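In this text, all values refer to a predicted model and were calculated from it rather than measured experimentally.
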Amino acid sequence: MKTLENGTPILIHLLTQREQAGEVSEYEKEFSGRIFQMGNSIYLRYIEANEPEKITVTFKITEDSSIHLTRKRDDLKLQLFFKDNHRIAATYQTPYGLLPIETVTPNLQVILNEFPLAGKIKVDYLLYNGLELLGRYKIRLQFTT
């Protein structure tokens, strides 16, 4: 994959599932984004503009296939880290302060193809605040050029 300063345009199809307090909700949408490489990491970035404010979403895929997910807007910043079968501390910066959270990732799959440039990311994770389970989540992301 070429290292491009501005990245390569991609089309992203995102499906997420959230289970909290026994209720399940799904979110599905397509986004125009960019993919680029810095060092040994690959970045996917797009803007969610379906809320009153725009949210910048970045998936960083490291060379060991772990994923760092960052969601940022003016007053919020969520950073989650996913590594297969690992529990990892994360942060959620809110207007009221920093909330410590942790992810446990029982399933993580990353498939990348260079020709044509495309890929799939599958993440199943549990979100905790201390010992309290906040929810069960699934991310299914596919991208193509």
Side-chain angles (χ1 to χ4, degrees), residues 1-95 98-129 133-145:
M1 181 180 313
K2 290 183 180 178
T3 302
L4 299 174
E5 185 175 309
N6 294 324
T8 301
I10 56 173
L11 179 62
I12 296 170
H13 181 262
L14 178 69
L15 173 65
T16 62
Q17 184 182 73
R18 175 179 64 192
E19 181 184 334
Q20 290 177 314
E23 292 188 26
V24 177
S25 62
E26 287 190 352
Y27 172 80
E28 187 171 11
K29 191 148 183 170
E30 289 192 351
F31 300 95
S32 293
R34 294 201 169 275
I35 185 170
F36 55 97
Q37 183 172 355
M38 290 177 59
N40 292 326
S41 297
I42 296 169
Y43 294 79
L44 302 172
R45 182 170 291 147
Y46 62 92
I47 304 290
E48 281 186 8
N50 59 335
E51 298 192 14
E53 297 178 26
K54 292 181 181 179
I55 298 173
T56 301
V57 180
T58 304
F59 284 82
K60 175 184 176 185
I61 305 166
T62 64
E63 67 181 320
D64 69 352
S65 293
S66 64
I67 294 178
H68 303 178
L69 170 60
T70 304
R71 296 176 51 87
K72 289 194 293 191
R73 71 173 200 218
D74 292 338
D75 57 344
L76 297 174
K77 184 176 181 183
L78 174 66
Q79 290 186 296
L80 300 176
F81 303 94
F82 308 113
K83 187 170 174 122
D84 210 12
N85 294 310
H86 283 75
R87 184 177 187 123
I88 303 174
T91 57
Y92 186 28
Q93 180 67 49
T94 72
L98 193 61
L99 177 65
I101 52 179
E102 294 179 302
T103 59
V104 175
T105 310
N107 182 30
L108 173 65
Q109 296 177 345
V110 177
I111 300 169
L112 299 173
N113 298 312
E114 286 195 48
F115 303 104
L117 183 57
K120 294 181 182 181
I121 297 172
K122 291 183 178 181
V123 182
D124 297 347
Y125 69 98
L126 309 172
L127 187 63
Y128 287 91
N129 177 273
L133 176 62
L134 301 176
R136 299 173 188 274
Y137 298 82
K138 294 183 180 184
I139 299 171
R140 301 294 184 264
L141 183 144
Q142 296 181 39
F143 71 89
T144 57
T145 51

- Message: Donor-acceptor pair, distance only, cut-off 3.5 Å: does the side chain of Gln37 make one with the backbone of Gly39?
- Response: yes
Is any side-chain heavy atom of [X] less than 4.5 Å from a side-chain heavy atom of [Y]?
X      : Y      : value
Leu69  : Val57  : yes
Phe36  : Arg45  : yes
Ile139 : Tyr125 : yes
Leu76  : Leu78  : no
Leu112 : Phe143 : yes

Looking at every non-hydrogen atom in both residues, tell me the closest pair between [X] and [Y] and how far apart they are.
X      : Y      : value
Leu134 : Tyr137 : O-OH, 4.5 Å
Ile12  : Gly33  : CD1-CA, 4.3 Å
Phe81  : Ala89  : CD1-O, 3.4 Å
Pro106 : Asp84  : O-OD1, 3.5 Å
Arg34  : Gly7   : NH1-O, 3.3 Å
Leu108 : Ser65  : CD2-O, 3.3 Å

Straight-line distance of [X] [atom1] to [Y] [atom2], nearest 0.5 Å:
X      : Y      : atom1 : atom2 : result
His13  : Glu30  : NE2   : CD    : 5.0 Å
Tyr43  : His68  : OH    : NE2   : 8.5 Å
Ile35  : Leu44  : CD1   : CG    : 4.5 Å
Asn113 : Thr144 : CG    : OG1   : 11.0 Å
Gln20  : Leu133 : CD    : CG    : 9.0 Å
Lys60  : Ile67  : NZ    : CD1   : 12.0 Å

- Message: Could you check whether Arg140 pairs with Asp124 (Lys NZ or Arg NE/NH1/NH2 to Asp/Glu carboxylate O, under 4.0 Å)?
- Response: yes
- Can Lys29 and Glu48 be counted as an ion pair, charged N to O under 4.0 angstrom? no
- Item | More than 12 heavy atoms of other groups within 6.0 Å of Tyr92 OH | no
- Message: Tell me whether the count of non-hydrogen atoms from other residues, nucleotides or ligands lying under 6.0 Å of CD in Glu23 goes above 12.
- Response: no
- Matching residue for Leu141 among Leu15, Thr16, Leu14 - test: side chain to side chain contact (heavy atoms under 4.5 Å, CB included): Leu14
- Message: According to salt bridge (Lys or Arg N to Asp or Glu O under 4.0 Å), who are the partners of Asp64, at least two apart in sequence or on a separate chain?
- Response: Lys83
- Message: Before you tell me yes or no, could you show the steps for Leu127 and Thr103 under side-chain contact (heavy atoms from CB on, under 4.5 Å), namely the whole-Å CA-CA distance, both residues' side-chain angles and the distance that decides it to 0.1 Å?
- Response: CA-CA 5 Å; Leu127 187 63; Thr103 59; 4.0 Å; yes
